[in-house]
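Naming: A, B, ... by sequence-line order, numbering from 1 per chain.
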There are 2 protein chains.
Amino acid sequence: MTEPTETTTHADPAPADAAVLVRDAVDADRAAALVGSCTVDYDGRASGHVDPGVRHVVRQPDGTLLVHGATGHRPLAWHAGDGDFTTTATADDRLVLRAESNTEELTVALDAVHALTVYDPDDADKDVQGTEADVVSRLLNDPDLVESGFTPLATERDTPAGPVDIYGRDANGRICVVEVKRSRVGPDAATQLDRYVRALREDLHTDSDIRGILVAPSVTQKCRDILLERGHDFSPFEA
Amino acid sequence: MTEPTETTTHADPAPADAAVLVRDAVDADRAAALVGSCTVDYDGRASGHVDPGVRHVVRQPDGTLLVHGATGHRPLAWHAGDGDFTTTATADDRLVLRAESNTEELTVALDAVHALTVYDPDDADKDVQGTEADVVSRLLNDPDLVESGFTPLATERDTPAGPVDIYGRDANGRICVVEVKRSRVGPDAATQLDRYVRALREDLHTDSDIRGILVAPSVTQKCRDILLERGHDFSPFEA
DNA sequence: CGTGCCAGGTGCCGT
DNA sequence: ACGGCACTTGGCACG
């Protein structure tokens, strides 16, 4: 159990003071959230720039640096929690936060810090339900949902093309490859299923006696076309 | 030009006070960032729960509600900026933030607010370079990078299977379908290319005289296998 | 508005 | 580390 630590907030700190506060937060494995006017520059796998404006900047104890704008739930820019992190109060009175790893770098240059909050976030276990794995479980509990008379034999069965969601037999004893999707799908799901079926046909030397079944709430027309063209089936499944 | 507004920070506000402050921020199209101990519950396309802990909660003027934990740059939970948003100070002295739309709902129940910052984020134009479109531009400027003697004829050419990145002819005058990827790719890219080639062959009634070329920094082995099996080529391209 | 596809995709789990 | 794939994928551009 770690010592509980106070959350502290600072209004309009001078850049030099903010630099020290952020640095102290980093050294203490704490988080620092800043609101301020800044520019953002990213360089790495791609490169990007954000023009000056008021943003929300967060440095987390895992080393993550991220910048939120006014819209959307995804950061405008970010840096993963590896590599170095430096805070600099520049001669022209700006606060520069810089996260730098082997391949990526992110620089946030604030010309004013309106608010700074230092806090101790807790690590979170989030559990999610309604995933594809949950759908597979339901299908295994009630295989008729896949198709009347369907018998599952294995999950994640390996093929040269990758693991098959559900491997089994239909009412007539034919081998079936079942690909499960939790939401409406497009062409990619049909080709994925097709790859598994082809790979298994080759692997088992049974040239065409293997069926492909795509289980999903719904499919787009192009997906349906591909399934038809390759001779596979679609079995609608509603969550 | 809007009136510049002060960023305000509040340390340890009582839930009832925080509720009013957040509500006022929402009404004024401002943003509110809270640090506090809370649980998080999401229900919609899937459902999820996060156990109690100190998190960073942000409500943006576009209506987005998001929750950051201690790690990673992606929120633990979020809600898009549509639908309703309510703030409630409960009888047992908690602050409940609830975003609700037709299909999704997110509830953040704080038992303590350690810090609350109200601010005015600016909308951001971020420009990114190094996208796939940039790679395509380079290839068009110097088609030999695709292949010696290659001549581009069109970009985003439509086929029944979708738009082709670059459509052109090789040194021998054969039609080529070029699929461009900005990073190392797996099987999906190979099947995507294959779909375009097949569709174009059928469309142009030239049964097999159409080549497929995948341009990417590198490919995985399975991707290479599929390309080989379907008779397509890989042309490495380094950013 | 649905369909298709890119994304600095990210994250998870397997070899 | 590399590979294959799901993800509340999100976001854009086009029919």
Side-chain angles (χ1 to χ4, degrees), chain A residues 42-48 64 66 71-80 101 103-106 126 128-136 156 158-165 179-190 192 195-196 218-226 239, chain B residues 40-48 64 66 71-81 99 101 103-106 126-136 156 158-165 179-190 192 195-196 218-224 226 239:
Chain A
Y42 151 75
D43 199 15
R45 285 165 290 181
S47 64
T64 302
L66 62 91
T71 62
H73 74 269
R74 286 175 29 148
L76 281 173
W78 69 94
H79 189 282
S101 61
T103 55
E104 317 253 354
E105 68 185 63
L106 177 64
K126 75 166 161 173
V128 185
Q129 289 186 345
T131 63
E132 184 189 291
D134 294 320
V135 177
V136 170
E156 302 296 317
D158 270 326
T159 74
V164 169
D165 282 341
E179 174 62 29
V180 180
K181 298 294 179 187
R182 66 178 301 281
S183 56
R184 183 173 175 85
V185 290
D188 50 336
Q192 187 188 354
R195 278 193 293 116
Y196 296 155
S218 60
V219 295
T220 66
Q221 187 56 49
K222 274 204 179 79
C223 177
R224 194 179 291 271
D225 293 344
I226 296 170
Chain B
V40 180
D41 286 278
Y42 153 74
D43 198 14
R45 285 165 290 181
S47 63
T64 302
L66 61 93
T71 62
H73 74 269
R74 286 177 33 142
L76 281 173
W78 69 94
H79 189 282
S101 61
T103 55
E104 317 252 355
E105 67 185 65
L106 176 63
K126 76 166 160 173
D127 72 315
V128 185
Q129 291 187 344
T131 62
E132 183 190 291
D134 293 320
V135 177
V136 169
E156 302 296 318
D158 270 326
T159 74
V164 169
D165 283 341
E179 175 62 28
V180 180
K181 297 294 179 188
R182 67 177 303 282
S183 55
R184 182 174 177 84
V185 290
D188 50 336
Q192 187 188 354
R195 279 194 291 116
Y196 295 156
S218 60
V219 296
T220 67
Q221 187 56 48
K222 275 206 178 78
C223 176
R224 194 180 290 273
I226 296 170

Identify the heavy atoms of [X] and [Y] that sit nearest to each other, and give their distance.
X      : Y      : value
B/T131 : B/R182 : CA-NE, 4.0 Å
B/G162 : A/K222 : N-CE, 4.1 Å
B/P187 : B/I226 : CB-CD1, 3.6 Å
B/D134 : B/V128 : OD2-O, 4.4 Å

Does CD belonging to B/E156 count more than 12 external heavy atoms closer than 6.0 Å? yes
Nearest-angstrom distance, [atom1] atom, [N] to [M]:
N      : M      : atom1 : answer
C/dG8  : C/dG4  : P     : 22 Å
C/dC6  : C/dT10 : C1'   : 14 Å
C/dG11 : C/dA7  : C1'   : 14 Å
D/dG4  : D/dT8  : P     : 23 Å

If we ignore hydrogens and angles and just use 3.5 Å, is the side chain of B/H79 paired with the main-chain N or O of B/E104 as donor and acceptor? yes
In whole angstrom, give the distance that lies between atom CD of B/E156 and atom P of D/dC12. 17 Å
Please report the distance, rounded to the nearest Å, between CG in B/L66 and P in D/dT8.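 In whole Å, D/dT8 P lies 16 Å from B/L66 CG.
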For nucleotides 3-11 of chain C, give me one character per nucleotide, 5' to 3': B if any protein heavy atom sits under 4.0 Å from the base, S if the only such contacts are to the sugar-phosphate, - if neither. SSSSSBSS-
